[in-house]
Undergrad: 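Sharing a structure here in structure tokens format.
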Amino acid sequence: MNIIDKLLTGYPAGDVSGQDFVDHLSIGAPGWEGAWAAIALAVVFGLLVYIIPLWLVEREKCGPYPLWLHTFYCAADFMGIWVFLAAWGNYDHFLLFLLLAIGEAIWVAMEIWCLYRAVTYEREINWKPGTEMSAMIRDIAIQLVVFYVGLNFLRFELHDETMWKFWIFTQVLITIVPGLVMEKRGTRLGNNMALQVVFVCVALVSFNPWCNMWLAIAPDFFSLEANPWYYLMGVVCLFFAIRGCVIYKRLPEKPQVK
């Protein structure tokens, strides 16, 4: 079946289990060096998409992400802590699962800080003037609950034990949404070119058909032959990430921050 047929009628079957991680990432397994390198790159750029915004929001009192994106990632990464801790216990304390759980906890901490800044520095962006703090906290709590329950339901529907099928949507959102938000706001505030370049790198690292961490863990599910929609999504993500760079260049210069 060629790629066109796969796009129209074919769907990859099977689950991505913790054993797939063990089989492909154990030292000495075929291609383990490239698999670890792919994961390391994804983690580095995953940290940068929060470290840079943290610096921006402290410096400019404005960040690049909408409120719902913070609550989405907070719910997803909180879920990830328990997913990877459970996998660590179930698969003979395989080291990567513990490292991923620790990484998820770090991301949750950064997201909580961003939510704190959403109700302090960014309250006029996220709510109508005069909105009470209790209403802001209620809105955040509602979004967190909806996303946490909804994402776990999605994992159940996808038979996604390790959230590996679901997790790619975090890369989809981070490469597409910030540029659209920046365009709608019409300002460079809360953004910089370095962050836009990081989004391009995220798209390249996540969706290239030779060495990405999804392919490294589950090649039968994420290869170009098995899952061309995955790579078509990558083309869309790369387009919007590059478009974000273009939008940033076209917007007026930021006022100097004292």
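Residue numbers run from 1 in the order of the sequence given. Computed from a prediction, not measured in an experiment: that's the story for all the values here. Computed from heavy atoms alone, side chains included, the values below leave out hydrogens, waters and symmetry copies.
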Undergrad: For side-chain hydrogen bond (donor to acceptor under 3.5 Å, both in side chains), just list the numbers for Arg155 and Asn152, CA-CA rounded to whole Å, side-chain angles, deciding distance to a tenth of an Å, and then say yes or no.
TA: CA-CA 5 Å; Arg155 282 183 57 229; Asn152 274 281; 3.3 Å; yes
Undergrad: So does Tyr121 have more than 12 non-hydrogen atoms from other groups sitting under 6.0 Å from OH?
TA: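 Count over threshold, so yes.
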Undergrad: Does a side-chain heavy-atom distance below 4.5 Å link Asn192 with Lys254?
TA: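 Heavy-atom side-chain distance check passes, below 4.5 Å.
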Undergrad: As an exercise, state the distance from SG of Cys114 to CH2 of Trp107, rounded to the nearest 0.5 Å.
TA: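 Taking SG in Cys114 and CH2 in Trp107, the distance rounds to 14.0 Å.
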Undergrad: State, to 0.1 Å, how close Ile247 and Gly179 come at their nearest heavy-atom pair, and which atoms those are.
TA: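 Shortest heavy-atom separation between Ile247 and Gly179 comes out as CD1-O, 3.8 Å.
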Undergrad: Evaluate side-chain contact (heavy atoms from CB on, under 4.5 Å) for Phe221 paired with Leu215, printing each intermediate quantity in order.
TA: CA-CA 8 Å; Phe221 197 91; Leu215 176 66; over 6 Å; no
Undergrad: How far apart are the closest heavy atoms of Thr71 and Trp68, and which atoms are they?
TA: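 That would be OG1-O, 2.9 Å.
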Undergrad: Taking all atoms of both residues into account, what is the closest heavy-atom pair of Ile168 and Ser206, and its distance?
TA: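 Smallest heavy-atom distance, with atoms named: CD1-CB, 4.4 Å.
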Undergrad: When clusters are formed by joining ILVMFWY residues with side-chain heavy atoms under 4.5 Å apart, either directly or through shared neighbours, do Ile112 and Val57 land in the same one?
TA: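 Looking at the clustering, Val57 is in a separate group from Ile112.
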Undergrad: To the nearest 0.5 Å, what is the distance between CZ (Phe45) and CG (Leu204)?
TA: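 So the gap between those two atoms works out to 8.5 Å.
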Undergrad: If you apply the rule side-chain contact (heavy atoms from CB on, under 4.5 Å), what do you find for Gln143 with Leu67, and how did you get there?
TA: CA-CA 9 Å; Gln143 289 186 27; Leu67 179 69; 3.7 Å; yes
Undergrad: If you count every heavy atom of other residues, nucleotides or ligands that lies below 6.0 Å from Glu132 atom CD, does the total exceed 12?
TA: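 Atom CD in Glu132 is not crowded, with 12 or fewer foreign heavy atoms closer than 6.0 Å.
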Undergrad: Kindly work out whether a path of hydrophobic side-chain contacts (I/L/V/M/F/W/Y, heavy atoms less than 4.5 Å apart) joins Leu41 to Tyr230.
TA: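 Cluster IDs for Leu41 and Tyr230 match.
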Undergrad: Using a strict cut-off of less than 4.0 Å between a Lys/Arg side-chain nitrogen and an Asp/Glu carboxylate oxygen, indicate whether Glu253 and Arg188 qualify as a salt bridge.
TA: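 Here Glu253 pairs with Arg188 in a salt bridge, since their nearest N and O are under 4.0 Å apart.
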Undergrad: Look at the aromatic rings of Phe84 and Trp167 and report parallel, tilted or perpendicular, splitting at 30° and 60°.
TA: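 Plane angle between 30° and 60°, so tilted.
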Undergrad: Are Leu69 and Tyr73 side-chain neighbours, meaning at least one heavy-atom pair lies under 4.5 Å?
TA: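 Heavy-atom side-chain distance check passes, below 4.5 Å.
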Undergrad: Rounded to the nearest 0.5 Å, what separation is found between the SG atom of Cys74 and the CG atom of Leu115?
TA: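 Rounded to the nearest 0.5 Å, the SG-CG separation comes out at 5.5 Å.
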Undergrad: Test of understanding: clusters of I, L, V, M, F, W, Y form through side-chain heavy atoms closer than 4.5 Å, transitively. Do Met136 and Val146 belong to the same one?
TA: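 In one cluster with Met136: Val146, no.
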Undergrad: Which distance, rounded to the nearest 0.5 Å, do you find between the CD1 of Ile102 and the CH2 of Trp88?
TA: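 It comes to 8.5 Å.
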Undergrad: Using side-chain heavy atoms (C-beta onward) and a distance below 4.5 Å, is Leu151 in contact with Phe169?
TA: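 A side-chain contact is absent here, since even the closest heavy-atom pair is not under 4.5 Å.
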Undergrad: Above 12 or not: heavy atoms from other molecules or residues under 6.0 Å from CD of Glu58?
TA: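 Yes, because the 6.0 Å sphere around CD of Glu58 holds more than 12 heavy atoms from other groups.
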Undergrad: Walk me through it: do Cys237 and Met233 pass the test side-chain contact (heavy atoms from CB on, under 4.5 Å)?
TA: CA-CA 6 Å; Cys237 290; Met233 186 75 255; 4.0 Å; yes
Undergrad: If the plane angle is over 60° it's perpendicular, under 30° parallel, otherwise tilted; pick one for Trp164 and Phe21.
TA: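 Rings of Trp164 and Phe21: perpendicular, over 60°.
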Undergrad: Can you find a heavy atom in the side chain of Phe199 that is under 4.5 Å from one in the side chain of Val49?
TA: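 Yes, side chains in contact.
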Undergrad: Can you measure from CD (Glu183) to CZ (Arg250) and round to the nearest 0.5 angstrom?
TA: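 Between Glu183 CD and Arg250 CZ, I get 9.5 Å after rounding to 0.5 Å.
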Undergrad: Mind checking whether Ile137 and Tyr116 sit in one hydrophobic cluster, side chains of I, L, V, M, F, W, Y counted as touching below 4.5 Å?
TA: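 Looking at the clustering, Tyr116 is in a separate group from Ile137.
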Undergrad: Should the pair Tyr65 and Tyr50 be assigned to parallel (<30°), tilted (30 to 60°) or perpendicular (>60°) ring geometry?
TA: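 Perpendicular, since the angle between the ring planes exceeds 60°.
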Undergrad: Walk me through it: do Asp139 and Trp127 pass the test side-chain hydrogen bond (donor to acceptor under 3.5 Å, both in side chains)?
TA: CA-CA 10 Å; Asp139 290 346; Trp127 289 276; 2.8 Å; yes
Undergrad: With a 4.5 Å cut-off on side-chain heavy atoms, are Leu96 and Ile39 touching?
TA: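 With C-beta onward as the side chain, the pair touches.
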Undergrad: Determine, using ring centers only, whether Phe97 and Phe94 are less than 6.0 Å apart.
TA: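 Yes, they do, as the ring centres are separated by less than 6.0 Å.
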Undergrad: Compare all side-chain heavy atoms of Val16 with those of Ile217 and state whether any distance is below 4.5 angstrom.
TA: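 A side-chain contact exists here, since the closest heavy-atom pair is under 4.5 Å.
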Undergrad: Please assess Arg123 against Thr131 for the test side-chain contact (heavy atoms from CB on, under 4.5 Å), listing each intermediate value before the final yes or no.
TA: CA-CA 8 Å; Arg123 60 193 305 161; Thr131 302; over 6 Å; no
Undergrad: What are the two closest non-hydrogen atoms of Asn191 and Pro64, and how far apart are they?
TA: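 Closest approach of Asn191 to Pro64, heavy atoms only: OD1-CB, 3.4 Å.
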Undergrad: Under the side-chain hydrogen bond (donor to acceptor under 3.5 Å, both in side chains) criterion, do Glu60 and Trp55 qualify, and how do the steps go?
TA: CA-CA 8 Å; Glu60 301 178 5; Trp55 177 78; over 6 Å; no
Undergrad: Same cluster or not: are Val149 and Ile140 linked, directly or through other Ile, Leu, Val, Met, Phe, Trp or Tyr residues, by side-chain heavy atoms under 4.5 angstrom apart?
TA: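 No; Ile140 is not reachable from Val149 via cluster members.
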Undergrad: Give a yes or no on whether the backbone of Phe207 and the side-chain of Asn212 come within a donor-acceptor separation of less than 3.5 Å.
TA: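 No, because the side chain of Asn212 does not come within donor-acceptor range (under 3.5 Å) of the backbone of Phe207.
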Undergrad: Start with the C-alpha distance between Phe156 and Phe153, add both sets of side-chain angles, then the distance that settles ring pair (Phe, Tyr, Trp, His ring centres under 6.0 Å), and finish with yes or no.
TA: CA-CA 5 Å; Phe156 182 84; Phe153 174 65; 7.1 Å; no
Undergrad: Taking all non-hydrogen atoms of both residues, which atom of Ala35 and which atom of Leu25 are closest, and how far apart?
TA: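 The answer is CB-CD2, 3.4 Å.
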Undergrad: How many angstroms lie between atom CD1 of Ile106 and atom CD of Glu104, to the nearest 0.5 angstrom?
TA: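 If we round to the nearest 0.5 Å, Ile106:CD1 and Glu104:CD are 10.0 Å apart.
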Undergrad: Could you tell me if Arg243 sits above the aromatic ring of Phe240, with its cationic atom closer than 6.0 Å to the ring centre and no more than 45 degrees from the axis?
TA: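 Output no; distance or angle outside limits.
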Undergrad: For a 4.5 angstrom cut-off between non-hydrogen side-chain atoms, does Lys249 reach Met193?
TA: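 Heavy-atom side-chain distance check passes, below 4.5 Å.
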Undergrad: To check you understand the geometry: which heavy-atom pair defines the closest contact between Ala75 and Phe147, and what is its length?
TA: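 Scanning both residues, the minimum pair turns out to be CB-CB, 3.7 Å.
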